[in-house]
Amino acid sequence: MNRKNKALLFCLDESRSFTEDIKKRFSDTSKYRVLSFSSRQDFLSGLAAEKAGGCCKVAVIVINEIKEDGYSIERFTREVHKISADMGMILVFSPEKDEEIRKAVKFNIDAYIPKNSNSILRLHNVVKKLISKHNLEIYHKRRNLSLWVLLVFVLISAIIILVTFL
């Protein structure tokens, strides 16, 4: 049960300054794999190309300049969820536009993190939370399967005992 799951971090950052901090924080290659992209098209194609089953996938979208409206960000997150529905989404943005972004982008985002001195630590905590959530879903499915197998075994045993008794 102590199987190590690898988490895939897909980072979208045009300036690549925040991505370097993420790579430093998630440097353990046995637990994390960080893939960085500088454009949305590269990000979507890299996401579609990566078919890692059973891994926890997390997308970190860094917005450096607020030149985009919330609708385009919302549309982009929908495209990401079409490719990979079980992916966790984290949005990192400048703290000046905090309320504007939270009102514009309401769906498909697991965490909103404003850029400041402790944003990498907050990002690390959110990624750990998403990994734990992913692992709990896996163990929940295994538990349900085990319960069904146990129920079938008990029913077959009861039928066999009933037949031998009669």
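Starting from 1, each residue takes its place in the sequence as its number.
- The NZ atom of Lys57 lies 10.5 Å from the CG atom of Leu35; values are rounded to the nearest 0.5 Å.
- Between Leu47 atom CG and Lys82 atom NZ the span is 13.5 Å, to the nearest 0.5 Å.
- Applying the side-chain hydrogen bond (donor to acceptor under 3.5 Å, both in side chains) criterion to Asp21, with sequence neighbours excluded, gives no partner residue.
- Counting only N and O atoms by type, the side chains of Ser39 and Asp42 include a donor and acceptor under 3.5 Å apart.
- Of the possible polar contacts, none joining the Asn118 side chain to the Leu121 backbone as a donor-acceptor pair under 3.5 Å is found.
- We find the CG-CE distance between Leu12 and Met89 to be 9.0 Å, quoted to the nearest 0.5 Å.
- In this structure the side chain of Phe93 reaches within 4.5 angstrom of the side chain of Leu91, judged on heavy atoms.
- Partners of Asp110 according to the side-chain hydrogen bond (donor to acceptor under 3.5 Å, both in side chains) rule, which considers only residues two or more places apart in sequence or in another chain, do not exist here.
- The ring-ring contact (aromatic ring centres under 6.0 Å, His included) check on Phe43 picks up Phe37, Phe76, with sequence neighbours excluded.
- Here the shortest heavy-atom pairing between Pro95 and Lys115 reads CD-O, 3.4 Å.
- Distance check: Lys133 NZ to Cys56 SG gives 10.0 Å after rounding to the nearest 0.5 Å.
- Cluster partners of Ile90, using a side-chain heavy-atom cutoff of under 4.5 Å among ILVMFWY residues and allowing indirect links, are Leu9, Phe18, Ile22, Phe26, Tyr32, Val34, Val58, Val60, Val62, Val92, Ile113, Ile120, Leu123, Val126, Val127, Leu130, Ile131.
- Taking Thr19 as the reference, Asp13 meet the side-chain hydrogen bond (donor to acceptor under 3.5 Å, both in side chains) condition, with sequence neighbours excluded.
- Remark: Ser84 engages Asp86 in a side-chain hydrogen bond (donor to acceptor under 3.5 Å, both in side chains) (not counting sequence neighbours).
- When every heavy atom of Met87 is checked against every heavy atom of His81, the shortest pair comes out as O-CE1, 3.4 Å.
- Among residues two or more places apart in sequence or in another chain, the side chain to side chain contact (heavy atoms under 4.5 Å, CB included) test is passed with Leu151 by Trp148, Leu155.
- Rounded to the nearest 0.5 Å, atoms NZ (Lys6) and CZ (Arg33) are 6.5 Å apart.
- For the pair Ser36 and Lys23, the minimum side-chain heavy-atom distance is below 4.5 Å.
- Note: Lys128 NZ to Asn125 CG = 5.0 Å, rounded to the nearest 0.5 Å.
- Evaluation of the side chain to side chain contact (heavy atoms under 4.5 Å, CB included) rule for Ser27 yields no partner, not counting sequence neighbours.
- Under the side chain to side chain contact (heavy atoms under 4.5 Å, CB included) criterion, Ile156 pairs with Val152, Ile160, not counting sequence neighbours.
- Chaining together hydrophobic side chains whose heavy atoms lie under 4.5 Å apart leaves Leu147 on its own.
- Between Pro114 and Arg122, some side-chain heavy-atom pair lies under the 4.5 Å cut-off.
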